[in-house]
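The figures here come from the full heavy-atom set of this structure, side chains too, leaving out hydrogens, waters and symmetry mates.
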Protein chains: 2
Amino acid sequence: MTEVRCSACPLRPLPLFLRNDDDEVAIVQSLKRREMQMGPGETLIHEGQTNAPLYTLREGWAFRYKTLSDGRRQILTFLLAGDFIGVQQKMGDAAAHGVMTLTDSLFCVFQRDSLWELHRQSPAMGFNITWLTAHEESLVDDTLLSVGRRSAEERIATLLILLFKRAAALQDDGGAAGVPFPLTQQHIADGLGLSLVHTNKTLRKLERRGLHHIEDGRLWLRDVKALVRLADLYGDGRPPQRPLV
Amino acid sequence: MTEVRCSACPLRPLPLFLRNDDDEVAIVQSLKRREMQMGPGETLIHEGQTNAPLYTLREGWAFRYKTLSDGRRQILTFLLAGDFIGVQQKMGDAAAHGVMTLTDSLFCVFQRDSLWELHRQSPAMGFNITWLTAHEESLVDDTLLSVGRRSAEERIATLLILLFKRAAALQDDGGAAGVPFPLTQQHIADGLGLSLVHTNKTLRKLERRGLHHIEDGRLWLRDVKALVRLADLYGDGRPPQRPLV
DNA sequence: CGGTGACTTGAAGGAGGTCAAAATCTGTGG
DNA sequence: CCACAGATTTTGACCTCCTTCAAGTCACCG
């Protein structure tokens, strides 16, 4: 099983991602250490782990999370292909959050100091990192608004729409045939600050009303209008084009 | 009232901030457009505003927030002196959140494209921006854990500790005489996803138990041990040294 | 001294949590 | 192909933490 060269990265051609100069791709290539395969439910980064490397998620789904000492868990963001992982752990410090896979996943691995090398060798790529980091933060901002101020129904509607859009942007059909949806209800609960039971009941209610459909690990939005109204989401069609590292 | 040169910025000498080369300071200086003074409760950036400039908060307190169309508000992070503002609004796009002052405040104003200039002219400063952005995200991560998984008591304990630490790091006495605390209970409520009434009752309960004391716009932690236990916060003494832009 | 914003307190109700148990489903090994 | 263990989903019953509603206090200010 041979590793892919960054210039031939299967993600790069997708319309979701911005083009890069050959130089830039070459720099990324030079910093890439290896690839890493993981199964579902495996821990990529442990909470409190020190000096974890950087990763780009190339295939599959994962999530970032934090836990309290009695086991309560909050999922911070879900990670999809193209997401860059590990910037948040401040330099040389312990990771403030864990990362766990949801599906079979493939990661490109970079040494920790690549962060600095990327900035040093290419301001443009440095800028891209900043962009990606800021974008990640805005995902957390959205979730915080949900968890802090939306009802259970509204939270779930919001999550379904947002995840659907992100997943659809990675497909050619734009989600016409649904999108992969590898979350269990426990993941949804932990991502929205709800209990498992209440998540189940709310999910069933929305599905019975015909707003969405989840089956066999795939998600369909059946009544986007109604979902958007519930979520009080405005504007924006698909996610903006984004840099890839 | 004449403006301060960056090399003479009163924040820079504080032990909280990392030193910078003269070149770096010069670059920042060259990008700084002006200073801007605001009173308490004023809106620096409106939600949805396009093309807002960048700011560094030099004096005072502020906060980032999002609202739903029916008025429910979630405060995302509180901003203290040294915080860099505006990176989250993705390039040229609309601001996804608003920024409002809590106190009399002073901002250093930078043009929007300074973000790129900073990266271009100094990889080190670009790296600093990334660092600050990642750090901001980790603050939101912490809040999301609170709002999603902590009880009202625990949330308030967590907030008090975290804000105290940040504010104390800006003072010489390290908080011995308390720290400024310009939040109303409504701000606390909106920052923690609670109702005003319940915030009040919980706050009173903690204060009556002798865990903290708020008076006259200042906060004292009376029983840090108990607060930390409640918050389930581990490790870390004071916040890490951070870059200043 | 009336008006406004922040704080406080009590009472009542509800959204969502907890507990318990059953129904599926899935993979595994015999 | 079946039995069994372990996840995951579903439902019902009950309870509580927190919200909402209402009112009153206090400080400050024009």
Side-chain angles (χ1 to χ4, degrees), chain A residues 39-42 61 68 70-75 100-104 146-160 181-209 212-219 230, chain B residues 39-42 61 63 68 70-75 100-103 146-157 159-160 180-209 212-219 230:
Chain A
E42 293 193 61
W61 290 50
L68 296 173
D70 65 359
R72 283 175 286 177
R73 178 176 74 172
Q74 178 65 43
I75 292 181
M100 182 177 288
T101 56
L102 284 166
T103 66
D104 281 311
S146 272
V147 175
R149 289 309 186 201
R150 280 195 251 247
S151 71
E153 275 193 7
E154 296 167 340
R155 289 182 216 184
I156 291 192
T158 307
L159 179 75
L160 293 181
F181 194 77
L183 321 203
T184 68
Q185 297 185 355
Q186 183 66 64
H187 293 122
I188 300 179
D190 286 345
L192 297 179
L194 295 168
S195 72
L196 173 60
V197 173
H198 197 60
T199 299
N200 175 280
K201 287 174 178 167
T202 308
L203 223 29
R204 304 289 359 268
K205 209 187 309 179
L206 296 188
E207 186 150 5
R208 233 178 295 121
R209 271 197 245 152
H212 75 284
H213 181 61
I214 295 176
E215 192 184 333
D216 216 10
R218 294 189 77 77
L219 163 68
L230 247 188
Chain B
E42 292 193 61
W61 290 51
F63 61 89
L68 295 173
D70 66 359
R72 282 174 285 177
R73 179 176 74 172
Q74 178 65 44
I75 292 181
M100 182 177 287
T101 56
L102 283 166
T103 66
S146 271
V147 174
R149 289 309 186 201
R150 280 194 252 246
S151 71
E153 274 193 7
E154 296 167 340
R155 289 181 215 185
I156 291 191
L159 179 74
L160 293 181
F181 194 76
L183 320 204
T184 67
Q185 296 185 354
Q186 184 66 65
H187 294 121
I188 301 179
D190 286 345
L192 297 178
L194 294 169
S195 71
L196 173 60
V197 173
H198 197 61
T199 300
N200 175 281
K201 287 174 179 167
T202 308
L203 223 28
R204 304 290 358 268
K205 207 187 308 177
L206 295 189
E207 186 150 2
R208 232 178 296 119
R209 270 198 245 151
H212 74 283
H213 180 61
I214 295 176
E215 192 185 333
D216 214 10
R218 295 189 77 79
L219 163 68
L230 248 188

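An OP1 or OP2 oxygen of dC7(C) is reached within less than 4.0 angstrom by no side-chain nitrogen or oxygen of Arg204(B). Taking 4.0 angstrom as the limit, Asn200(A) places none of its side-chain polar atoms (N or O) nearer than this to OP1 or OP2 of dT9(D).
The distance from atom CZ of Arg150(B) to atom P of dC18(D) is 14 Å, rounded to the nearest whole Å. In this structure, Glu153(A) places its CD atom 16 Å from P of dG14(C), rounding to the nearest Å. Distance Leu192(B) CG to dC17(D) P: 18 Å, rounded to the nearest Å. Rounded to an integer number of Å, the gap from NZ of Lys205(A) to P of dT10(D) is 14 Å. With rounding to whole Å, Asp216(A) atom CG is found 11 Å from dC25(C) atom C1'. In this structure, the CZ atom of Arg72(A) is 18 Å from the P atom of dG16(C), given to the nearest Å. Counting to the nearest Å, the C1' atom of dC25(C) and the CD atom of Glu215(A) are 13 Å from each other. The CD1 atom of Ile214(B) sits 9 Å away from the P atom of dC7(C) (whole-angstrom rounding).
Within the nucleic acid shown, Leu203(B) has no heavy atom closer than 4.0 Å to any nucleic acid atom. Residue Ser151(B) is in sugar-phosphate contact alone, with no base atom involved, counting any heavy-atom pair closer than 4.0 Å across all strands shown. Across all strands, Gly193(A) comes closer than 4.0 Å only to sugar-phosphate atoms, never to a base (heavy-atom distances). Within the 4.0 angstrom heavy-atom criterion, no nucleotide atom of any strand lies near Leu196(B). Using a 4.0 Å heavy-atom criterion, one finds that Ser195(B) contacts the bases of the nucleic acid, with or without backbone contacts as well.
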>> Does Met100(A) form a side-chain contact (heavy atoms from CB on, under 4.5 Å) with Glu42(A)? I'd like the steps, not just the answer.
In response: CA-CA 6 Å; Met100(A) 182 177 288; Glu42(A) 293 193 61; over 6 Å; no

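Screening Gln185(A), Gln186(A), His187(A) for a side chain to side chain contact (heavy atoms under 4.5 Å, CB included) involving Leu183(A) leaves a single residue, His187(A).
Distances were taken from every side-chain heavy atom of Thr184(B) (C-beta onward) to each of dT8(C), dA11(C), dC7(C); the shortest belongs to dC7(C). For Lys201(B), taking side-chain heavy atoms from C-beta onward, the closest of the listed nucleotides dT10(D), dA13(D), dA11(C) is dA11(C). If you check dT10(D), dC19(C), dC18(D) against the side chain of Val197(A), the one that comes closest is dC19(C). Residue Gln185(A) has its side chain nearest to dT9(D) when only dC21(D), dT9(D), dC18(D) are considered.
Distance check: Leu192(B) CG to Thr199(B) OG1 gives 6.5 Å after rounding to the nearest 0.5 Å.
Contact check for Gln74(B) versus Leu68(B): no side-chain heavy atoms found under the 4.5 Å cut-off.
For the pair Asp70(A) and Arg72(A), the salt-bridge criterion is met [side-chain N within less than 4.0 Å of a carboxylate O].
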